[in-house]
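Within every chain, numbering begins at 1; the chains are lettered A, B, ... in the order of the sequence lines, protein sequences first and strands thereafter. From a predicted model like this one, the values you see are computed outputs, not experimental measurements.
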Amino acid sequence: MDAKELIARRVAREIGPGMLVNLGIGLPSLVANYVPASLAVFFQAENGVIGLGARPPEGMEDPHLTDAGGGFVSAVPGAASIDSAMSFGLIRGGHLDMTVLGGLQVDEQGQLANWKVPGMMVPGMGGAMDLVIGAARVIVAMQHSARGEAKLVRECTLPLTARRRVNLVVTDLAVIEPTDAGLVLREHAPGVSVAEIVAATDARLIIGDDIQEMIVA
Amino acid sequence: MDAKELIARRVAREIGPGMLVNLGIGLPSLVANYVPASLAVFFQAENGVIGLGARPPEGMEDPHLTDAGGGFVSAVPGAASIDSAMSFGLIRGGHLDMTVLGGLQVDEQGQLANWKVPGMMVPGMGGAMDLVIGAARVIVAMQHSARGEAKLVRECTLPLTARRRVNLVVTDLAVIEPTDAGLVLREHAPGVSVAEIVAATDARLIIGDDIQEMIVA
Amino acid sequence: MMKGALSPEAAAKLVPDGASVMIGGFMAVGTPERMIDALVAQGVRNLTVVSNDSAMPGRGVGKLVSAGAVSRMITSHIGLNPETQALMIDGSISVELVPQGTLVERIRAGGMGLGGVLTPTGLGTEVEEGKQVVEVDGERFLLEKPLKADFSLIAAWQADYVGNLSYLLTAHNFNPMMALAGRTVIAEPNAIVPVGVIPPDMVKTPGVLVDHLLVRANTGGQPWTQKN
Amino acid sequence: MMKGALSPEAAAKLVPDGASVMIGGFMAVGTPERMIDALVAQGVRNLTVVSNDSAMPGRGVGKLVSAGAVSRMITSHIGLNPETQALMIDGSISVELVPQGTLVERIRAGGMGLGGVLTPTGLGTEVEEGKQVVEVDGERFLLEKPLKADFSLIAAWQADYVGNLSYLLTAHNFNPMMALAGRTVIAEPNAIVPVGVIPPDMVKTPGVLVDHLLVRANTGGQPWTQKN
């Protein structure tokens, strides 16, 4: 299983029955593949649909039904169309149970930076700032390091997405929970040692006695 | 023609083609009877319809289609249902061409009081404050006096509906336009002299040279 | 998430004395009447009611007023209910009068996580008293605070068992906004249809907002029995 | 009021150089493409564009960016259009980045006569810089200002000649709010149907908000000729 699949499968286990979940574009969108239909989860795409389904068969795509990345999707039974004001009203108003977002950095306070690398890459925050402010649970799904640089850092050097502490960070090496006390290492990926995780992390990690091996969906 | 009909017929002449118009309950609602269909006016009822039509034949009323007073109405072709947020967004946002409201007092600054008689009658402002703030044109349709008391006063003694100067006051005696200089008498009712109007008015009136007799629709 | 439908009696039991409740409707058009009847029958007391108006005696919110169930109202209009006026004047009900467009925006703000409403409505009137005025580019606006409630009791046209709601004509009014602002949302639809029957573009309240549906009126909550 | 339909060329002529234009769409889904093509063909310059994103080269707002028609953008995302990013970095386009939920509320506030938006989004980030913070009951909110524009160019599913609009699925996005906030609103519907055909409950933009409709694409603006 490759790193992205591992992360997506682990995040999928965080999703409970009947939740309303928003998946960011890229890696987070893979999570949907590993959520069993029996959970009756509704996926929201912030561009305007609750009840996002799989990509339709070739030739049956519709240009008026896409996800937030512009990819063709379908609508499950019980889906609802919403405009952007309602979409972000749901997000900001606390009606979204969970969002899964990519990250550039997460720091010891659990703060996320994921929208700008000054002077290099300025895509814009899109819906990320509202999602981090508003979702009941925020899960960051990202590679543990990028080009040899740790992404779990003491303090974000990149512009923050929000001051809010995220709830969980899932990487290809570990599951980490930001808490009042700091970043707590909860799980290690199969075949990855705690020492390897610590070595790949700039932020200080609180290492408990009961670190489990990641169980994936 | 009785006083109310006279007022309603005169107000109707203020309405131009294609306007979006809100009529208050009571006397103002009579105005709709005198607006020719050829003007293609759309009436808004603030409870949630644009394109209000006449009361349906007996037995064909529908409890889900009423005006702001709770009376049964119909929907003209091209009607739209709107919720209260959209309804007042249209009003407050300047999308309503005209509102016609009843009045308890109008003062020399052209300010309207129409929602409360302290200690006696406190119906509440309903949509009136938003209508007076937001409509492009505000017309007050009222009897010139009530129980012998003038309703055009130097300064409102009743709580104001808004600070905004209304555009026109139409009574059973006169048509009066509030201006920077004060209340200008523009028209007299058929058979009513300027002296009679002045006698029935507490506010100072500016009397022009070209006072016309009211022409009614 | 599929939602079973409750009888009005079971739904009313969820609402304790002293609760704050938003109730949809405009002069009782678009008001959940069976839900209100059940609350009256239960003898609920001391409610704070947020609603456009207090309807008239014998209809909608008016039935709660007559039953003595209401101790406080946040509303825009009580003019067609002399009982509410009398109870306000004798001090049995405290009434906060709010301009209608401000009231619906305060509810929306509460439901959508906004800090308040900046409106020109009410400036320079009694409504301004005690409120913060915020200047934006030299223009003055009243800061009106968001509203939320323990319960929103709303009426709808069609529902499905996901909780999606559609509304009919002037029975929309406050219902779609109140569906956002109640901690528990109970919807009384005219009809419940199978999931997938309401087109996505007709859904005005997504099911995620709705906690409970009231059973259909005409079957008394009993599903049809398959005989053959 | 009945509205005749304009050709894209005639509609584009209404938009002068230097105008501010809101353009509906999300990654070019729900964007009035024929209107944009006509603006590009006209060679319009120096537009201030308010839109969710700058789409991608060759689609939606991306076509205006590539044509050099845009000098300023107020938007939430330019990540999928490398041209916009390059033009921003070399200073040819000035870009104000706004969180998406804030952007749509600013447009709504502009269109609905509110003084601004009080949101927790952006607090403690770069977005806060230079902005007023308003405290409400001890909680802090950013005051974000309303947005209006000279024109709103929106896409819709069905229109009638009153100007009523309905939208399809994820092609709603910013269109219904932009219809409120443009001084002149031009709608490009997928189809125009006779007045009375769109049910009142399906109308999401009342016709009073719409100034002009674009003719149907498939007839080139020529009504069918009655031969018999």
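No donor-acceptor distance shorter than 3.5 angstrom exists from the side chain of D/Thr48 to the backbone of D/Arg72, with no hydrogens or angles considered. Remark: the backbone N or O of D/Met178 is paired with a side-chain donor or acceptor of D/Ser152 at under 3.5 angstrom. Panel note: side chain D/Thr75, backbone D/Asp53; a donor-acceptor pair is recorded below 3.5 Å. A side-chain donor-acceptor contact under 3.5 Å links D/Lys3 to the backbone of D/Val210.
Side-chain contact between D/Leu118 and D/Leu143: present, with at least one pair of heavy atoms (C-beta onward) separated by less than 4.5 Å. Two residues are said to be in side-chain contact when any heavy atoms from C-beta on lie closer than 4.5 Å; B/Leu23 and B/Phe43 meet this criterion.
When each of D/Ala181, D/Gly110, D/Pro206 is scored by its heavy-atom pairs under 4.5 Å with chain B, the top score falls to D/Pro206. Between chain D and the residues B/Gly89, B/Gly94, B/Ala85, B/Gly134, the most heavy-atom pairs under 4.5 angstrom are made by B/Gly89.
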For side-chain contact (heavy atoms from CB on, under 4.5 Å), just list the numbers for D/Glu128 and D/Arg140, CA-CA rounded to whole Å, side-chain angles, deciding distance to a tenth of an Å, and then say yes or no. CA-CA 11 Å; D/Glu128 180 174 334; D/Arg140 301 169 70 245; 3.7 Å; yes
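Contact of D/Leu180 with chain B is made through backbone and side chain together, with heavy-atom distances under 4.5 Å.
The interface of residues 194-202 of chain D with chain B, defined by heavy-atom distances below 4.5 Å, comprises D/Val195, D/Gly196, D/Pro200, D/Asp201.
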